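Counting convention: from 1, in listed order, for ligands and their atoms alike. Only heavy atoms go into these numbers, but all of them, side chains included; no hydrogens, no water, no symmetry mates. Keep in mind the model is a prediction, meaning the values are calculated, not measured.
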Amino acid sequence: MKKVVLAYSGGLDTSCAVRWLKEQGCAVICFIADLGQGEDFQALEQRALTAGASKVYVKDLKEEFVQDFVLPVLKAGAIYEGKYLLATALGRPLIARYLVEIAHKEKAHAVAHGCTGKGNDQVRFEVTVGILDPKLEIIAPVREWEFKSREEEIEYAHMYNIPIDVSKKKPYSVDRNLWGISIEAGVLENLEQEPPEDAYLITKSPTQISTYPKYIEVYFEKGMPKKIDGRVYKLKDLINHLNEIGGLYGVGRSDLVENRLVGIKSREIYEAPAATILHVAHKELESLVLDRELAHFKEIISLKYAELVYYGLWYSPLKEALDSFVHSTQKHVTGTIKLKLFKGNCIPVGRKSAHSLYKKELSTYGKEDKFDQKLAEGFIKIWGMPYQR
Ligand code: ARG
């Protein structure tokens, strides 16, 4: 019998996909990746088996996720269209890598995912699998099957005793991991409407927060966040901790009409308190320690890096080359940034680094000024010379 490894989330689509793939004559091995989405993984495993899986793998990939995916993106300063911190986009290549690994181990002929034909995630999964093993077949049941609506799918699930969670009405489509939450569909499709409070899962409404700000200090070593308020954390704990404090102060919400790779514009809202705090702090530290040319050039790289991640090109030669560039920019990114969290804002208010390029004796307007203003005259003449006719 042919075997297929399915990326299983426990939702309606992937649960129906287990049964559907069996009907196509495959034995279905489910793979559940723990990227910090905070599910009951035992219950998910049981659900997959009841739906008809012949075997289930559950893997805790949180450490790998933060070290090999989140950290490079933070160092790169990669943010898509100025607002999306790429949580979902970053999880996909890692999940795809394990799909391929398990497929090899199980001698499966194919891998499968539960993405629709309209989104970015199908691209990320399939491009990654194609790069890692072009011989593996890829099956996307949701693009193929005959269900016209969610109701039809639910009916199918009932018919075959596929365990699904229809007790709580799910008004949104949510994808969650340690780096953030992506929320779409339902009333969010009405662009004129403010997202209802119940759409947000981990951030408090900025209007309901105490009028007192919270100050925190983040310490980085060569671009990697190491301490909060002087206390050392492992990266994944540090992210968890910042998600908690940031969430309490309403930090990290964004509301974006984004350009999907498949050409569709879609409205999605995001919650990413830790990612927001870390990007703000990291960028602030870079302002202090990178020279002007490097800082400006790196912004171009950040933009390109974010596109590559969004487009599913994590394992591409350009992304690898950009990683080397980014790595070389981080050697002096060591120091501490003090931030003020206040009513949904994250504002850098203090900075300190042994590699600081700030020279008070040059910038000061006080009497300790060491800048020879007479030199400016010659500099300006030569600088502007090519433009005089
Ligand atoms: N728009 C985001 C991306 O392409 C998230 C997609 C998944 N969103 C969701 N709510 N399931 O990366």
Quiz item: What atoms of ligand 1 come closer than 4.0 angstrom to any heavy atom of Asp121?
Solution: 6 (C), 7 (C)
Quiz prompt | Proximal ligand 1 atoms for Asn120, defined as those under 4.0 Å from one of its heavy atoms | solution = 3 (C), 4 (O)
Self-check item: Stepwise side chain to side chain donor-acceptor pair (under 3.5 Å) check, Glu271 with Thr203
Solution: CA-CA 7 Å; Glu271 293 181 279; Thr203 53; 2.6 Å; yes
Quiz item: Is it the side chain, the backbone, both or neither of Arg124 that has a heavy atom closer than 4.0 Å to ligand 1?
Solution: side chain
Quiz item: Where on Glu268 is there a heavy atom closer than 4.0 Å to ligand 1, on the side chain, on the backbone, on both, or on neither?
Solution: side chain
Quiz prompt | Cationic N near anionic O, under 4.0 Å, Glu197 to Arg253 | solution = yes
Quiz item: Which of the numbered atoms in ligand 1 are below 4.0 angstrom from a heavy atom of Tyr270?
Solution: 1 (N), 2 (C)
Quiz item: What protein heavy atom sits nearest atom 1 (N) of ligand 1, and how far away is it?
Solution: Glu258 OE2, 2.6 Å
Quiz item: What's in the same ILVMFWY side-chain cluster as Ile183, cut-off under 4.5 Å, chained through other members?
Solution: Tyr172, Val174, Ile181, Val187, Leu188, Tyr200, Leu201, Ile202, Ile269
Quiz item: Under 3.5 Å, is there a donor-acceptor pair between the His104 and Asp133 side chains?
Solution: yes
Quiz item: Is Tyr305 reachable from Leu294 through a run of I, L, V, M, F, W or Y residues, each pair having side-chain heavy atoms under 4.5 Å apart?
Solution: yes
Self-check item: Side chain, backbone, both or neither: the part of Arg260 lying under 4.0 Å from ligand 1 by heavy atom
Solution: neither
Exercise. Select one of side chain, backbone, both or neither to describe which atoms of Tyr84 lie under 4.0 Å from any atom of ligand 1, heavy atoms only.
Key: side chain
Quiz prompt | Salt bridge Glu258-Lys83, side-chain N to carboxylate O under 4.0 Å | solution = no
Exercise. Go through ligand 1 atom by atom and flag the ones less than 4.0 Å from a non-hydrogen atom of Ser173.
Key: 9 (C), 10 (N), 11 (N)
Quiz item: Just by distance, do the side chain of Asp13 and the backbone of Ser15 share a donor-acceptor pair under 3.5 Å?
Solution: no
